[in-house]
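This structure is a prediction, so every number in the text was calculated from the model and none was measured.
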Amino acid sequence: DTAVSQTPKYLVTQMGNDKSIKCEQNLGHDTMYWYKQDSKKFLKIMFSYNNKELIINETVPNRFSPKSPDKAHLNLHINSLELGDSAVYFCASSQDRITLHFGNGTRLTVT
Amino acid sequence: SQQGEEDPQALSIQEGENATMNCSYKTSINNLQWYRQNSGRGLVHLILIRSNEREKHSGRLRVTLDTSKKSSSLLITASRAADTASYFCATVPNAGGTSYGKLTFGQGTILTVHP
């Protein structure tokens with residue numbers, strides 16, 4: 001009964017490939033997020049969707065494209081992967097847009 | 001640069017001792033939150049303190065907020081081995097309007113509690 005679930009948990013791929021990370025939440029929350037945690041553990045917001053509408057789009061390369069087919073799902077597609085994209089990507093959801101519920105992360109390694 | 005900065009970066013204590021972690025931030029805030037992250041897992045919300053509050057308790061957790069110094073502390077009393085994790089403070093700048101949950105996190109404090 002994981003509240004926010006992401007797949008895959010680990011993703012190892014080569015530079016130049018295109019990959020997707022999926023996220024689903026069963027909390028009934030209206031807002032979902034993608035955060036990126038780098039090797040020094042800094043967490044930074046990338047995107048946020050509220051009920052399928054994009055509301056936050058930080059300075060992220062346009063190789064990253066989020067897609068929200070419905071309010072329970074927020075997927076992240078990454079084109080032309082680069083070494084610097086290696087990180088842990090966290091999906092989160094929120095009802096009040098104050099406290100966030102995080103998934104367990106997807107560790108992306110680009111070789 | 002990060003809005004929140006935790007101090008110390010790492011803390012190692014024995015079970016039963018208290019653990020204190022500090023967080024400093026730069027801009028005016030609406031509230032400040034603390035999250036815990038166990039190794040290989042996502043962040044879990046622990047406690048939120050609003051800008052008009054000075055202290056808040058939740059079980060073995062005690063959070064203080066000093067808006068004049070732009071700092072907060074998280075105290076975990078009677079620590080247990082299961083408290084071993086990274087602890088992050090998160091803030092939302094008080095810039096007017098809706099924050100939409102755009103939290104700014106610090107680098108975290110790695111707490112190790114030895115049994």
Side-chain angles (χ1 to χ4, degrees), chain A residues 2-10 21 23-25 27 29-51 53-60 66 74 87-109, chain B residues 1-11 21 23 25 29-53 56 58 61 63 85-111:
Chain A
T2 306
V4 181
S5 58
Q6 306 177 217
T7 55
K9 185 170 176 61
Y10 299 98
I21 306 172
C23 179
E24 176 182 3
Q25 54 99 2
L27 296 167
H29 291 167
D30 287 337
T31 310
M32 295 185 71
Y33 306 82
W34 279 109
Y35 275 79
K36 177 181 179 181
Q37 187 173 43
D38 65 22
S39 59
K40 296 185 178 179
K41 290 209 163 185
F42 282 116
L43 264 158
K44 191 168 183 184
I45 190 167
M46 300 174 69
F47 301 103
S48 178
Y49 271 73
N50 182 65
N51 207 2
E53 180 185 347
L54 182 66
I55 56 173
I56 295 175
N57 185 354
E58 286 297 282
T59 309
V60 178
L74 180 61
V88 182
Y89 293 84
F90 286 97
C91 177
S93 72
S94 179
Q95 187 56 35
D96 60 8
R97 299 182 193 171
I98 299 174
T99 57
L100 270 56
H101 297 252
F102 285 84
N104 283 329
T106 295
R107 181 174 295 276
L108 171 65
T109 304
Chain B
S1 63
Q2 292 292 310
Q3 162 79 321
E5 294 183 7
E6 287 89 347
D7 168 58
Q9 289 192 0
L11 181 60
M21 289 158 269
C23 167
Y25 56 92
I29 59 171
N30 283 328
N31 60 69
L32 184 144
Q33 305 176 54
W34 285 91
Y35 286 78
R36 183 188 74 228
Q37 183 180 28
N38 288 83
S39 180
R41 305 297 293 270
L43 281 76
V44 174
H45 178 257
L46 294 176
I47 194 166
L48 178 150
I49 186 165
R50 300 188 190 283
S51 59
N52 61 356
E53 297 176 309
K56 200 162 182 181
S58 176
L61 304 180
V63 170
S86 292
Y87 291 82
F88 295 85
C89 67
T91 57
V92 175
N94 182 8
T98 303
S99 71
Y100 296 115
K102 184 179 169 181
L103 302 184
T104 302
F105 288 86
Q107 196 174 359
T109 292
I110 301 172
L111 173 66

* Under 4.5 Å from a heavy atom of chain A, the part of Asn31(B) involved -> side chain

* Using non-hydrogen atoms only, which part of Leu43(B) is less than 4.5 Å away from chain A: side chain, backbone, both, or neither? -> both

* **Glu53(A) atom CD, neighbour heavy-atom count above 12 within 6.0 Å** => no

* Asked: Taking everything shown except Gln9(B) itself, do over 12 heavy atoms lie less than 6.0 Å from its CD?
  -> no

* Mind ranking Gln37(B), His45(B), Arg41(B) by heavy-atom pairs under 4.5 Å with chain A and telling me who comes out on top? => Arg41(B)

* To do: Verify side-chain contact (heavy atoms from CB on, under 4.5 Å) between Lys41(A) and Phe88(B), making sure each step is shown before the conclusion.
  => CA-CA 10 Å; Lys41(A) 290 209 163 185; Phe88(B) 295 85; 4.2 Å; yes

* Just do the side-chain contact (heavy atoms from CB on, under 4.5 Å) check on Leu103(B) and Tyr35(A) with the steps written out, would you? => CA-CA 10 Å; Leu103(B) 302 184; Tyr35(A) 275 79; 3.6 Å; yes

* Asked: So, does Gln33(B) use its side chain to make a donor-acceptor pair with the main chain of Leu100(A) at under 3.5 Å?
  -> no

* To do: Against chain B, label Gln6(A) side chain, backbone, both or neither, depending on which of its atoms sit under 4.5 Å from a heavy atom there.
  => neither

* Ser94(A) portion near chain B, given a 4.5 angstrom heavy-atom threshold -> neither

Roughly how far apart are [X] [atom1] and [Y] [atom2], rounded to 0.5 Å?
X	Y	atom1	atom2	answer
Lys102(B)	Ile55(A)	NZ	CD1	11.0 Å
Asn30(B)	Ile98(A)	CG	CD1	8.0 Å
Thr104(B)	Lys44(A)	OG1	NZ	9.5 Å

